[in-house]
Amino acid sequence: MPTMTLDESFQAKEKMVSQIQKAVSAAMAAHGFEIIQVLMTDIMADPSVLKSMNEINAARRQRDAAMERGEADKILKIKAGEAEAEAKRLSGVGVANMRAAIAQGFSDSMQFMTKTGMSEEQ
């Protein structure tokens, strides 16, 4: 266990139980005892180690949250840019349609005046 990190020791609890049972069984067999089961209820770490681990985990979660916020902001900016581009495109289409309507109106007026006998100079 001294070579393991605390996270590894929590994950390898069953393996440690097996190794402890083998070691204790071998040592106690010489005295006539048979070890049937070893019960490991909890791994107790030094409070300062637990505090450090909690700080590391909290920092990791905060970093992940900051990355998620950054991704969300990025998506919002992209969508806002796309919406602005679409609004400008539609505005351009509207202006083009308005100019086409004005030109068509002038053309219709000129045709009407020509049909009624007016010359283009009048």
Side-chain angles (χ1 to χ4, degrees):
M1 187 158 154
T3 60
M4 297 176 151
T5 65
L6 193 57
D7 288 332
E8 290 170 345
S9 63
F10 280 117
Q11 293 171 353
K13 190 174 174 180
E14 293 299 319
K15 183 179 177 183
M16 285 190 293
V17 167
S18 174
Q19 290 174 347
I20 291 169
Q21 183 173 358
K22 287 178 187 175
V24 173
S25 291
M28 297 304 288
H31 301 288
F33 291 99
E34 180 183 353
I35 306 299
I36 298 175
Q37 185 177 10
V38 173
L39 177 63
M40 183 183 292
T41 56
D42 202 3
I43 297 173
M44 298 298 287
D46 186 71
S48 64
V49 172
L50 290 175
K51 181 181 177 190
S52 295
M53 285 184 63
N54 287 336
E55 289 173 358
I56 290 168
N57 288 334
R60 187 177 298 131
R61 286 189 300 272
Q62 289 173 350
R63 184 178 61 241
D64 291 344
M67 289 179 68
E68 290 297 326
R69 280 192 301 273
E71 282 296 315
D73 288 345
K74 175 183 164 184
I75 290 169
L76 287 174
K77 287 179 182 178
I78 289 170
K79 291 298 180 185
E82 289 172 353
E84 183 178 348
E86 181 65 10
K88 287 180 180 180
R89 185 188 71 78
L90 291 174
S91 175
V93 168
V95 169
N97 289 340
M98 180 181 71
R99 287 179 180 162
I102 291 170
Q104 185 63 43
F106 285 142
S107 176
D108 291 347
S109 294
M110 292 301 288
Q111 286 176 359
F112 178 75
M113 286 188 262
T114 304
K115 284 181 184 177
T116 58
M118 293 180 76
S119 67
E120 291 183 14
E121 291 83 27
Q122 292 177 331

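Starting from 1, each residue takes its place in the sequence as its number.
Residues meeting the side-chain contact (heavy atoms from CB on, under 4.5 Å) test with Gln19, sequence neighbours left out: Lys15. Legend: residues meeting side chain to side chain donor-acceptor pair (under 3.5 Å) with Ser48, ordered by chain and number and at least two apart, are Asp46. With sequence neighbours left out, the side-chain contact (heavy atoms from CB on, under 4.5 Å) criterion links Ser91 to no other residue. Every residue two or more places apart in sequence or in another chain that forms a side-chain contact (heavy atoms from CB on, under 4.5 Å) with Ser25 is listed here: Gln21, Ile35. Residues satisfying the side-chain contact (heavy atoms from CB on, under 4.5 Å) test with Glu71, not counting sequence neighbours, are Lys74. By the side chain to side chain donor-acceptor pair (under 3.5 Å) test, Arg60 is found to be paired with Asn57, residues two or more places apart in sequence or in another chain being considered.
Among residue pairs with one or both ends in residues 92-104, those qualifying as side-chain hydrogen bond (donor to acceptor under 3.5 Å, both in side chains) are Gln104-Asp108; sequence neighbours excluded. Residue pairs meeting the salt bridge (charged side-chain N to carboxylate O under 4.0 Å, His left out) criterion with at least one partner in residues 48-57, sequence neighbours excluded, do not occur; the list is empty. Residue pairs meeting the salt bridge (charged side-chain N to carboxylate O under 4.0 Å, His left out) criterion with at least one partner in residues 79-90, sequence neighbours excluded, are Lys79-Glu82, Glu84-Lys88, Glu86-Arg89.
Minimum interatomic distance between Ile20 and Val38 (heavy atoms only, all atoms of both residues): CG2-CG1, 3.9 Å.
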Checklist entry - Does the side-chain contact (heavy atoms from CB on, under 4.5 Å) test come out yes or no for Ser18 and Glu14, once each step is laid out? => result CA-CA 6 Å; Ser18 174; Glu14 293 299 319; over 6 Å; no
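Cluster partners of Ile102, by chain and number: Met98, Phe106. The rule joins Ile, Leu, Val, Met, Phe, Trp and Tyr whenever side-chain heavy atoms lie under 4.5 Å apart.
For the atom pair CE of Met113 and OG of Ser109, the computed distance is 5.0 Å after rounding to the nearest 0.5 Å.
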